[in-house]
Enquirer: 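Let me give you the structure first, and then I'll get to my questions.
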Amino acid sequence: TGAGTLAFVVGFTAVDHASGAGISSSPGTTNILTILSSPPQLTATATAGGAPYASGSWTNQNVVVTFTCTPATGAVSSQIVTVASEGANQTVTTTCTDLAGNQTNGNFSGIDIDKTPSVLNYSATSGGQTYYGAVTAQPVTVTFTCTDPGGSGIAQAPAPQTFANDGLSQAATGVCT
């Protein structure tokens, strides 16, 4: 199995059947035959934003998959596929073919891309009622909610913030990740 090279010599001699004498002959010609019986090897690597990308992890960058085809004999070749669309568990596939027509199919799956930022909403209450920003003697609690339209989910939402001290123009801040 694998690759092998066979060398053989071909020549001919013509013989007169009536007399048995050789009439002509040709010098031998060396021929080389290469046999490829093993399929080529196929490997896949991926990057996102220039850093290595691990299958099944979320990114907000394009994922670049490089397939490398290594035949038993002959030149190594590469195919680069860029995945830019958002979605979970995306797969790219390729076929590697050597000079003898042997093929190896391969894929890289688990590509998770979410380029859509999460959405942060907030609401405020004071004394159990919705608070709209007027001066109040009651503590004000600001509560945040996060949604992710891109599909990767929310890793961490900001905790509610309560303002109980006197002061004007106090601000609550929150970030969804």
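Please read these numbers as outputs of a predicted model, since none were measured by experiment.
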Enquirer: Using the side chain to side chain donor-acceptor pair (under 3.5 Å) criterion, which residues pair with Asn62? Sequence neighbours excluded.
Expert: Lys115
Enquirer: Going by the rule side chain to side chain donor-acceptor pair (under 3.5 Å), which residues pair with Gln90 if we only count those two or more places apart in sequence or in a different chain?
Expert: Ser85
Enquirer: Which heavy-atom pair separates Pro149 from Thr116 by the least distance, and what is that distance?
Expert: CG-CG2, 3.6 Å
Enquirer: Considering non-hydrogen atoms only, spot the tightest contact between Val65 and Ala46 and give its length.
Expert: CG2-CB, 4.1 Å
Enquirer: Check step by step if side chain to side chain contact (heavy atoms under 4.5 Å, CB included) holds for Asp114 and Asn60.
Expert: CA-CA 5 Å; Asp114 179 0; Asn60 61 1; 5.9 Å; no
Enquirer: Considering all heavy atoms of both residues, which atom of Cys146 and which atom of Leu120 are nearest to each other, and what is their separation?
Expert: SG-CD1, 3.9 Å
Enquirer: Is there a side chain to side chain contact (heavy atoms under 4.5 Å, CB included) between Thr143 and Thr125? Walk through the geometry before answering.
Expert: CA-CA 8 Å; Thr143 304; Thr125 58; 5.7 Å; no
Enquirer: Distance check, rounded to the nearest 0.5 Å: Ser77 atom OG versus Asp98 atom CG?
Expert: 10.0 Å
Enquirer: Report the C-alpha separation of Val92 and Thr94 in whole Å, then their side-chain angles, then the decisive distance to 0.1 Å, and conclude whether the side chain to side chain contact (heavy atoms under 4.5 Å, CB included) test is met.
Expert: CA-CA 7 Å; Val92 291; Thr94 193; over 6 Å; no
Enquirer: Might you point out which heavy atoms bring Tyr53 and Asp112 nearest each other, and give the distance in Å?
Expert: OH-N, 3.0 Å
Enquirer: Without placing hydrogens or testing angles, list every side-chain donor-acceptor pair under 3.5 Å for residues 161-175, not counting sequence neighbours.
Expert:
from, atom 1, to, atom 2, distance (Å)
Gln161, NE2, Thr173, O, 2.5
Thr162, OG1, Thr141, OG1, 3.1
Gln170, NE2, Asn165, O, 3.0
Gln170, NE2, Gly167, O, 3.2

Enquirer: Apply the hydrophobic cluster definition, ILVMFWY joined by side-chain contacts under 4.5 Å directly or through others, and give me every member besides Ile80.
Expert: Val64
Enquirer: Does one hydrophobic cluster hold both Val81 and Ile111, with members joined at side-chain heavy-atom distances below 4.5 Å?
Expert: yes
Enquirer: Minimum heavy-atom separation for Leu42 and Asn105, please, with both atom names.
Expert: CD2-C, 3.9 Å
Enquirer: May I ask you to test the Thr43-Thr45 pair for a side-chain heavy-atom distance under 4.5 Å?
Expert: no
Enquirer: Asp148: what forms a side chain to side chain donor-acceptor pair (under 3.5 Å) with it, not counting sequence neighbours?
Expert: Ser152
Enquirer: With sequence neighbours left out, what residues match Thr97 under side chain to side chain donor-acceptor pair (under 3.5 Å)?
Expert: Gln103
Enquirer: Flag the pair Asn102 / Pro40 as yes when at least one side-chain heavy-atom distance between them is below 4.5 Å, and no otherwise.
Expert: yes
Enquirer: Please report the shortest heavy-atom distance between Gln41 and Cys96, naming the atom on each side.
Expert: O-SG, 4.3 Å
